[in-house]
Amino acid sequence: MEKNHTRFNHRRPQKSLRPQPQVEVSLGDRFPLTIRKLGIEGQGIGYFKHKVCFVPGALPDEVVVAEVTAIHPRYLEAKIHKLRKPSRFRVEPRDSYADQAGGFEFECLAYPEQLKFKRQVVLDSLAKFKPRGWQNYDVRPTIAAPEQYGYRNKAQFQIREQDGHLIAGLYRANSHDVVDMPTCAVQMPGTMKAMRAIVKMLDELKIPAYDETSNSGIIKTIAIRESLATSELQVTLITNTAKLIHKGPLLAMIAEQLPEVKSVEQNVNPGDTPLVWGDQTIHLAGQEYITESLMGLDFHLSARSFLQLNPAQTETLYEQAAKAMELGPDDVLVDAYAGIGTIGLSLASRVKSVRGMEVIPEAVADANSNAKLNGIQNASYEVGTAEEVMPRWQAEGFRFNALVVDPPRTGLDEALIEQILKAKPAKFAYVSCNMSTMAKNLARLSSVYRVDWIQPVDMMPQTPRCEAVVKLSRR
Ligand code: SAH
């Protein structure tokens, strides 16, 4: 999921739709609708009098009675009032609220169809941005995840007060209502157990949730991360104020009831802001990190550092990136958008040296200490944006011949693309979590690079989200 810390779960249909015909329709209107396809965000798409209508939870070839929930100049939004003809690929969702919030909206769709959808998103994105030679790209079948449920190592739930009690869950689509989620089948069970236990503790101690409307209260969000290798948990309370009442009793309860929690942090993010995480992190108890293992190495992970959300599938993603670069002992590798250095460090033994950059200082500190932790001496990481650091390295005379980029959903910055087109590294892997920005970036990169293959890798079963690795080589 989110490669940055912004909220992702307000699903908005694509904006680039052609002008639509005027249609007389009111909120609450119901009409039969045949679903033609899935949109890029996984919603069913049908046409009501030629106007596009998005229906979350509806699947291709289904006939539903749609009920209009929002009217926009270019499209309608609707919910399923009645399912008249279900798809043969429809399955029973494990979570009853799967259609209400982002994060597991494909629980109703058979897994092989999810994999086909993800490959199709790559094809559709290429067709939209048309990078050079796109019709002939080798877009491979999506690699399935080893586990379709219970894979997600991080739960980041909003906390609210409802009827005198705290609830924890995700935002309802297109709203700021929180759906209480006692279960969430995609989550690693340890994350959910700790989430429910901590919410209960907050309730008992009467530590108030943040209230958006009055801008008062304390707890906004709880983020819980679990290591697959060590089962250690890290809990971060994201708060409106630095002051956290009943801190002592809360930490004592966590220590007693949840011994698997090895790190407790507080992140302060004051006021009503669209960002989930703030800049100040206060260490509350235990270590400042938990330890995860990937590709035979150990990684310390602090609260604000990014880590891939599906640890069991991460090595497959990284092996595809390695395969795309065909590295050798003379190669100088740049690991751009490095996080805690997981890609570069795991490839360091195959190359002469690794340099990386990453914008979150805590992640860079983790990356450098992770190099030490694993006895790696030929890798170093710097704080900064890829688009600022790369030109500086170039100006300083640094030369490299291999590059892996793993940008957030926004894709590569234009300044970085220009730098890449100048430096022209011979070995180049693009790891993407957003097929649309990837295709857009390929349209620029394909003036110098050929796209040898694109390998979709499913990191997020039960969601429409796709990851892919692109192998690029110089024309
Ligand atoms: N390669 C890592 C992290 C990928 S996620 C892994 O596999 O775990 C993308 C990372 O890019 C995040 O850690 C984010 O903090 C960082 N980032 C976002 N914008 C950036 C930019 N402009 N320059 C460098 N890093 C950036």
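Counting starts at 1 for both ligands and their atoms, in listed order.
For ligand 1, the polar-atom distance check finds an N/O of D406 within less than 3.5 Å of one of the ligand's N/O atoms. Taking distance alone, with nitrogen or oxygen atoms compared against 3.5 Å, T385 stays at or beyond that limit from ligand 1. Note: no N/O pair closer than 3.5 Å links L307 and ligand 1 by distance alone.
Each of the atoms 15 (O) of ligand 1 lies under 4.0 Å from some heavy atom of I360. For ligand 1, the atoms sitting less than 4.0 Å from at least one non-hydrogen atom of I343 are 1 (N), numbered in the order shown with element in parentheses. Per-residue contacts place T342 under 4.0 angstrom from the following atoms of ligand 1 (heavy atoms of the residue considered): 6 (C), 7 (O), 8 (O). In the vicinity of G339, heavy-atom distances shorter than 4.0 Å reach the ligand 1 atoms 2 (C), 3 (C), 13 (O). The ligand atoms of ligand 1 that sit less than 4.0 angstrom from a heavy atom of A386 are 21 (C), 23 (N), 24 (C). The distance from ligand 1 to the heavy atoms of Y318 drops below 4.0 Å at these ligand atoms: 6 (C), 7 (O), 8 (O).
In summary, of the residues considered (E147, Q462, Q187), a side-chain hydrogen bond (donor to acceptor under 3.5 Å, both in side chains) with R152 occurs for Q187 alone.
A salt bridge links R196 to D180: one of the charged nitrogens lies within less than 4.0 Å of a carboxylate oxygen. Salt-bridge formation is not detected for the pair E319/K323: no Lys NZ or Arg NE/NH1/NH2 atom is positioned less than 4.0 Å from an Asp or Glu carboxylate oxygen.
The heavy-atom pair separating P146 from Q313 by the smallest distance is CD-OE1, 3.2 Å.
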Does the salt bridge (charged side-chain N to carboxylate O under 4.0 Å, His left out) test come out yes or no for E212 and R160, once each step is laid out? CA-CA 9 Å; E212 282 186 332; R160 281 293 156 78; 3.6 Å; yes
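Partners of T239 by side-chain hydrogen bond (donor to acceptor under 3.5 Å, both in side chains), not counting sequence neighbours, listed by chain and number: Q266. Listed by chain and residue number, D335, E358, Y381 satisfy the side chain to side chain contact (heavy atoms under 4.5 Å, CB included) test with A338 (two or more places apart in sequence, or in another chain).
In this structure, G384 counts as a contact residue of ligand 1, since one of its heavy atoms falls inside 4.0 Å of the ligand. Within the 4.0 Å heavy-atom cutoff, A338 counts among the residues contacting ligand 1. By the 4.0 Å heavy-atom criterion, D413 is excluded from the residues contacting ligand 1.
Ring geometry for F104 against Y97 counts as perpendicular: the plane angle is over 60°, on a 0 to 90° scale with 30° as the lower cut.
For the residues E362, E382, E387, E358, the heavy atom positioned nearest atom 12 (C) of ligand 1 is part of E358.
The CD atom of Q308 sits 5.5 Å away from atom CG of L317, with the distance rounded to the nearest 0.5 Å.
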